[in-house]
Amino acid sequence: IALVGGSFGGSVVLVAGAKIPAVRSIIALAAPIDWRNLPKSEESLRDIYRSIRRGYRQIWRVTKAEWRRLERGTADLNPVDYIPALRRKRVCLIHGLQDRVVPPETSATFYVLLGPGPHRLILVKNGRHFGHDVLGRKKLMREVQEWL
């Protein structure tokens with residue numbers, strides 16, 4: 001089983017993948033690795049919640065109460081807490097170097113923390129903040145398929 005997620009979903013698949021033994025590979029794109037220590041941003045988590053809820057009205061199932069847990073740092077959504085389990089998985093981190101929402105250093109730091117293993121860090125030169133849909137790009141898909 002392989003899990004794929006981008007941005008918020010990247011954090012979700014990293015945590016879920018760490019917890020589920022059947023998951024062997026995880027692809028996370030532009031994922032925050034520690035929601036308790038997000039870099040300073042022009043948007044607050046409250047603003048982000050409103051934007052996501054408005055943009056994904058039909059599929060967004062995170063309640064405001066659960067989002068508040070994220071704001072307080074008590075939600076179980078911090079991949080950095082699962083590094084020992086993730087070291088035993090195959091983790092591919094993909095991040096745009098022009099990302100202004102989640103800095104690319106986030107993925108680079110997480111990659112270093114994972115240590116040696118079948119892990120991969122792919123930095124996209126002109127990439128901004130993106131979700132899993134970017135995997136449709138031929139060159140990137142080719143890299144991911146080779147890694148898989």
Side-chain angles (χ1 to χ4, degrees), residues 1-45 47-62 66-67 70-71 73 75-148:
I1 295 174
L3 300 178
V4 179
S7 191
F8 180 88
S11 297
V12 172
V13 298
L14 285 163
V15 170
K19 292 179 173 186
I20 302 169
V23 171
R24 297 284 182 245
S25 300
I26 304 160
I27 301 168
L29 298 98
I33 61 166
D34 190 345
W35 288 85
R36 297 164 299 215
N37 296 306
L38 290 175
K40 296 290 181 207
S41 173
E42 294 174 10
E43 279 188 304
S44 70
L45 280 177
D47 294 336
I48 292 169
Y49 177 78
R50 284 189 212 113
S51 296
I52 292 173
R53 187 166 168 130
R54 202 173 29 251
Y56 296 95
R57 190 172 305 277
Q58 299 303 317
I59 59 173
W60 186 249
R61 298 293 180 257
V62 177
E66 285 301 310
W67 192 266
L70 183 66
E71 290 175 10
D76 185 15
L77 197 61
N78 298 300
V80 73
D81 295 341
Y82 292 91
I83 288 173
L86 289 167
R87 283 182 178 139
R88 297 187 301 271
K89 308 283 181 165
R90 294 172 47 80
V91 178
C92 179
L93 304 167
I94 303 171
H95 217 118
L97 288 172
Q98 303 302 315
D99 190 337
R100 291 192 177 116
V101 178
V102 178
E105 294 79 20
T106 300
S107 290
T109 298
F110 196 64
Y111 178 74
V112 170
L113 292 172
L114 287 172
H119 313 301
R120 182 84 187 267
L121 173 64
I122 300 172
L123 298 172
V124 180
K125 186 178 180 181
N126 293 316
R128 296 185 186 273
H129 188 71
F130 40 61
H132 65 279
D133 58 307
V134 76
L135 289 176
R137 296 179 185 173
K138 284 183 184 180
K139 183 178 182 233
L140 189 54
M141 179 54 87
R142 197 173 316 117
E143 280 189 69
V144 170
Q145 286 174 326
E146 288 172 11
W147 171 78
L148 285 170

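For the numbers below, each heavy atom of this structure counts, side chains included, while hydrogens, waters and symmetry mates do not.
- In terms of the salt bridge (charged side-chain N to carboxylate O under 4.0 Å, His left out) criterion, residue partners of Arg36 (sequence neighbours excluded) are, by chain and number, Asp34, Asp81.
- Contacts of Phe130 classified as ring pair (Phe, Tyr, Trp, His ring centres under 6.0 Å), with partners at least two apart in sequence or in another chain: none.
- Counting only residues at least two apart or in different chains, salt bridge (charged side-chain N to carboxylate O under 4.0 Å, His left out) contacts with residues 4-16 are absent.
- Nearest heavy-atom pair, Lys89 versus Ile20, reported as atom, atom and distance to 0.1 Å: NZ-O, 2.9 Å.
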Atom pairs and distances, side-chain donor-acceptor, residues 23-31, under 3.5 Å, sequence neighbours left out:
unit_1 : atom_1 : unit_2 : atom_2 : d
Arg24  : NH1    : Pro21  : O      : 2.7

_Derivation and outcome, side-chain contact (heavy atoms from CB on, under 4.5 Å), residues Ile83 and Phe110_ = CA-CA 9 Å; Ile83 288 173; Phe110 196 64; 3.8 Å; yes

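- Minimum interatomic distance between Val102 and His95 (heavy atoms only, all atoms of both residues): O-NE2, 2.6 Å.
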_Working for side-chain contact (heavy atoms from CB on, under 4.5 Å), residues Leu97 and Asn126_ = CA-CA 6 Å; Leu97 288 172; Asn126 293 316; over 6 Å; no

Exercise answer: donor-acceptor pairs, residues 135-148 side-chain atoms, under 3.5 Å, sequence neighbours excluded:
unit_1 : atom_1 : unit_2 : atom_2 : d
Glu143 : OE1    : Arg120 : NH2    : 3.1
Trp147 : NE1    : Pro118 : O      : 2.8

_The test is side-chain contact (heavy atoms from CB on, under 4.5 Å); show your working for Arg100 and Arg128 and say whether it passes._
CA-CA 7 Å; Arg100 291 192 177 116; Arg128 296 185 186 273; 3.3 Å; yes

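- Considering only heavy atoms from C-beta on, Leu93 stays 4.5 Å or farther from Ile122 through its side chain.
- The CG atom of Asn78 lies 9.5 Å from the CD1 atom of Ile33; values are rounded to the nearest 0.5 Å.
- Distance alone, capped at 3.5 Å, is enough to place a donor-acceptor pair between the Arg87 side chain and the Leu113 backbone.
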Could you list the donor-acceptor pairs under 3.5 angstrom formed by side chains in residues 5-19, with sequence neighbours left out?
unit_1 : atom_1 : unit_2 : atom_2 : d
Ser7   : OG     : His129 : NE2    : 2.7
Ser11  : OG     : Pro32  : O      : 2.5
Ser11  : OG     : Trp35  : NE1    : 3.1
Lys19  : NZ     : Asp76  : OD2    : 2.4

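- Contact detail for Cys92 and Ile94: the closest heavy-atom pair is SG-CG1, 3.9 Å.
- Although no hydrogens or angles enter the test, the distance criterion places a donor-acceptor pair under 3.5 Å between the side chain of Thr106 and the main chain of Pro103.
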